[in-house]
**Q** 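This is the structure I want to talk about, given as structure tokens.
Atom set for the values below is all heavy atoms of this structure, side chains included, hydrogens, waters and symmetry mates excluded. One-based numbering along the sequence shown.
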Amino acid sequence: MNGWMRRAMVELRFWVCLGFCLILALIALMGQLDRQQASGAHARLSMGKAAVQSVSRPVYRIWADYDDEARTVSGRMEVTLPADRPETWKEVYFHLYPNAFRRWQWGEHTKPKEPGYLDVSDIKVNGRKATSHIDGTVMRVKLPEPLAPGQSARIKMTYRLKLPKGGSRLNAFGQTAFLAQWYPMLAVKDEDGWHTEPYTTVGDPFYSQMSDFEVTFRVPEGYRVITSADDDLSHPVKGAVTLRQENMRDFAAVITKDYEVIQGAAGDVEVNLWYQKGVEREAKKLHQAAVSGMQFFGNLFGPYPYREVDVVLGETGYGIAGMEYPGLVTSIPKYPTREGERPAVNVVVHELAHQWWYAVVGNNQVKEPWLDEGLTTFSELLYMHDKMGEDQRDLLARAAEVSDEIHEKQGVTSVEPLYKYSDSIYGLMVYTRPAAMLWELMDEIGKEKVLEILQTYYERYKFQVATTRDFIRVANEVAGKDLTSFFDRWLFFKENIKKAG
């Protein structure tokens, strides 16, 4: 890579490659299951006093006791399997992602200082003992008897989570526990079978389905609980608190004594920003950006379907800050530039854009990670352009050239499974090039048409799982012309691109 390309890549890392991918890339450079929509076009989702017994999506009930001295979360979990299935199940699979931290198999720079794990025992299906087998981060549970279509089953288990110290996404730091992918997560089963893909440190190796949650936390005195649910409490919890949320892809939480909150709203959506002492100036600006970003994306793409979103400024370990979860995102408070440190507005709005592209419109993040990261990076850059007056088109053009060069050398495209990417090229291929593609598409068919494509895609696939083929189909339909060759060139690096306009 020549000198100007190297400088361009460094700048791109500061301005475009965000979140977990940003951290990975900098280190490298420096050394369809649920088809049921919510009732009503603008329905606000909540669970009332009891979890909904959905026939089309799993229902989780989790009891979680947090021990701050031992850095453990333990308790019970039961999952009610959906009855709306086209085939008989003889077994089910769960992801135990925290087991990745038990015996670390990846780079030394991402290795936690102390290991973590998720142990599961006493598994019963409809009251009958079930056998299980754990292989790393995947657990297979053999059902005592086959589960035919139209039949449901309730799987109960006991679990104990040991939080790693310095773990990626899952971490204990000071008087704060970051809980991401922290409970046994039912794997997705679709037309390709059960998705039990292994953990990796490149990107976000998670593929989940819409579910209903009822989670009861019991925490030590003085702790707050910040979660994906709508009904978080802003004051410390006394005893136990039960939180409920329906039709959500995942459930994350932060248990803390360290954070203060700034509260506000974007329309009828509560927007909370959580921060630690010492970053009050950045926190105020980032809260304003969070409110503005939620309004901006809601107006452009479609209404946010939940009542609350939380932003946690959590730069407390590798991979903690700059992550997206439904209803909860994390960000760094600030980052360095050539002009000095600045509040990380772009990181906050990037992670909030994931509420549209990942939380609501889902995709297989292992198989086609560009679908959420590329659309999110484009959304972020659009906000920074329209609201902050920052034009990154020159950098996007350079990124397109560099990615062409990488493809020529390595044969990698922007539509690959996570395992095909190295740390150093993941952000460029998955975040930046697809964002450059959509910017180019605006130049060719107009900004309004591109926004209409995204609006239609959001409305058609919200609460579902979409694919690259689905996105291209919507784009062709809305544009009123065949854009296949355009996407072939940008995503698959096929030659002889036919101009879209």
Side-chain angles (χ1 to χ4, degrees), residues 14-22 42 44 226 228 230 232 249 252 261-275 279 281-315 321-335 337 342-361 372-392 431-432 434-435 438-439 442 447 450-451 454-455 457-458 462:
F14 279 114
W15 290 87
V16 181
C17 298
L18 295 138
F20 184 47
C21 174
L22 169 62
H42 305 292
R44 296 292 167 186
I226 310 163
S228 291
D230 284 337
D232 287 342
R249 208 168 294 281
V261 66
I262 303 175
Q263 298 175 299
D268 58 353
V269 177
E270 294 182 25
V271 182
N272 304 316
L273 185 130
W274 299 84
Y275 67 97
V279 294
R281 184 177 66 88
E282 289 82 8
K284 183 177 180 180
K285 292 183 178 179
L286 294 180
H287 182 256
Q288 293 170 348
V291 170
S292 173
M294 291 297 292
Q295 292 172 331
F296 183 78
F297 298 136
N299 291 335
L300 286 190
F301 308 138
Y304 178 68
Y306 309 109
R307 296 196 311 266
E308 179 182 304
V309 68
D310 293 288
V311 179
V312 180
L313 303 185
E315 185 50 80
M323 280 302 303
E324 71 278 3
Y325 312 99
L328 188 157
V329 304
T330 63
S331 173
I332 53 177
K334 53 190 175 182
Y335 65 94
T337 71
R342 59 181 289 180
V345 169
N346 59 329
V347 180
V348 168
V349 297
H350 178 98
E351 303 308 337
L352 289 175
H354 269 301
Q355 297 302 307
W356 281 258
W357 319 124
Y358 157 69
V360 179
V361 179
D372 64 296
E373 294 297 358
L375 298 188
T376 295
T377 301
F378 172 76
S379 304
E380 169 220 336
L381 293 178
L382 198 59
Y383 176 91
M384 298 301 290
H385 178 274
D386 290 4
K387 293 295 185 179
M388 306 295 289
E390 296 182 0
D391 190 340
Q392 301 298 324
Y431 287 58
T432 316
L438 292 175
W439 213 274
M442 282 202 304
K447 180 178 180 179
V450 172
L451 292 180
L454 294 174
Q455 292 161 7
Y457 177 71
Y458 177 74
K462 61 184 178 182

**Q** Hydrogens and angles aside, do Glu373 and His354 bring a side-chain donor and acceptor to less than 3.5 Å of each other?
**A**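 A donor-acceptor contact under 3.5 Å links the two side chains.
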**Q** Could you measure the distance from the CD1 atom of Ile226 to the OG1 atom of Thr330? Nearest 0.5 Å is fine.
**A**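 If we round to the nearest 0.5 Å, Ile226:CD1 and Thr330:OG1 are 11.5 Å apart.
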**Q** I'd like to check Tyr457 versus Leu375 (side-chain heavy atoms, cut-off strictly below 4.5 Å). Are they in contact?
**A** yes
**Q** Less than 4.5 Å apart, side chain to side chain, heavy atoms only: is that true for Tyr275 and Glu282?
**A** no
**Q** Rounded to the nearest 0.5 Å, how far does CG of Asn346 lie from OG1 of Thr377?
**A** 10.0 Å
**Q** What's the spacing between Leu352 CG and Gln295 CD if we round to 0.5 Å?
**A**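 Nearest 0.5 Å value for the CG-CD distance: 12.0 Å.
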**Q** Side chains of Tyr383 and Ser292: do they bring a donor and an acceptor to under 3.5 Å?
**A** yes
**Q** Donor-acceptor pair, distance only, cut-off 3.5 Å: does the side chain of Trp356 make one with the backbone of Tyr458?
**A**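 Checked: no pair found.
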**Q** Partners of Asn299 by side chain to side chain contact (heavy atoms under 4.5 Å, CB included), sequence neighbours excluded?
**A** none
**Q** Could you check whether any side-chain N or O of Gln355 sits under 3.5 Å from a backbone N or O of Gly327, counting only pairs where one atom can act as donor and the other as acceptor?
**A** yes
**Q** Donor-acceptor pair, Asp230 side chain versus Glu308 backbone, under 3.5 Å?
**A**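 Here the side-chain-to-backbone pair exists.
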**Q** Mind checking whether Phe378 and Trp439 have parallel, tilted or perpendicular rings, split at 30° and 60°?
**A** perpendicular
**Q** Determine whether a donor-acceptor pair (N or O, by modelled atom type, separation under 3.5 Å) exists between the side chain of His287 and the backbone of Val261.
**A**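 Checked: no pair found.
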**Q** Give me the atom names and distance for the closest heavy-atom approach of Leu381 to Ala435.
**A** CD1-CB, 4.1 Å
**Q** If we only count heavy atoms from C-beta on, is the Lys387 to Val349 side-chain gap below 4.5 Å?
**A**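 A side-chain contact is absent here, since even the closest heavy-atom pair is not under 4.5 Å.
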**Q** Can you check whether Asp232 reaches Glu270 side chain to side chain, under 4.5 Å on heavy atoms?
**A** no
**Q** Should Leu438 and Leu382 be marked as a side-chain contact (heavy atoms from CB on, under 4.5 Å) after you check the CA-CA gap, both sets of side-chain angles, and the distance that decides it?
**A** CA-CA 10 Å; Leu438 292 175; Leu382 198 59; over 6 Å; no
**Q** So, does Arg249 use its side chain to make a donor-acceptor pair with the main chain of Pro326 at under 3.5 Å?
**A** no
**Q** Among Pro333, Pro343, Ser331, which residue meets the side-chain contact (heavy atoms from CB on, under 4.5 Å) test with Val348?
**A** Ser331
**Q** Provide the closest heavy-atom pair for Val347 versus Gly322 in the form atom of the first, atom of the second, distance.
**A**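 Closest approach of Val347 to Gly322: CG1-CA, 4.1 Å.
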**Q** Roughly how far, to the nearest 0.5 Å, is the NZ atom of Lys462 from the OH atom of Tyr304?
**A** 13.5 Å
**Q** Just by modelled atom types, is the His350 backbone N or O under 3.5 Å from a matching donor or acceptor in the Thr376 side chain?
**A** no
**Q** Ignoring hydrogens, what is the shortest heavy-atom contact between Gly374 and Pro434? Give both atom names and the distance.
**A** CA-CB, 3.7 Å
**Q** Taking only residues two or more places apart in sequence or in another chain, which ones pass side-chain hydrogen bond (donor to acceptor under 3.5 Å, both in side chains) with Trp357?
**A** Ser379
**Q** Evaluate side-chain contact (heavy atoms from CB on, under 4.5 Å) for Leu286 paired with Val345, printing each intermediate quantity in order.
**A** CA-CA 6 Å; Leu286 294 180; Val345 169; 3.9 Å; yes
**Q** Apply the test side-chain contact (heavy atoms from CB on, under 4.5 Å) to residues Leu451 and Phe301: give CA-CA distance (whole Å), side-chain angles for both, the deciding distance (0.1 Å), then the verdict.
**A** CA-CA 7 Å; Leu451 292 180; Phe301 308 138; 4.3 Å; yes
**Q** Is there a donor-acceptor pair closer than 3.5 Å between any side-chain N or O of Gln455 and the backbone N or O of Gly302?
**A**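 No, the answer is negative, given that no donor and acceptor are paired below the 3.5 Å cut-off.
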**Q** Distance check, rounded to the nearest 0.5 Å: Arg342 atom CZ versus Lys334 atom NZ?
**A**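 Going from CZ on Arg342 over to NZ on Lys334, the span is 14.0 Å.
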**Q** Can you measure from NE2 (His385) to CG (Asp391) and round to the nearest 0.5 angstrom?
**A** 4.5 Å
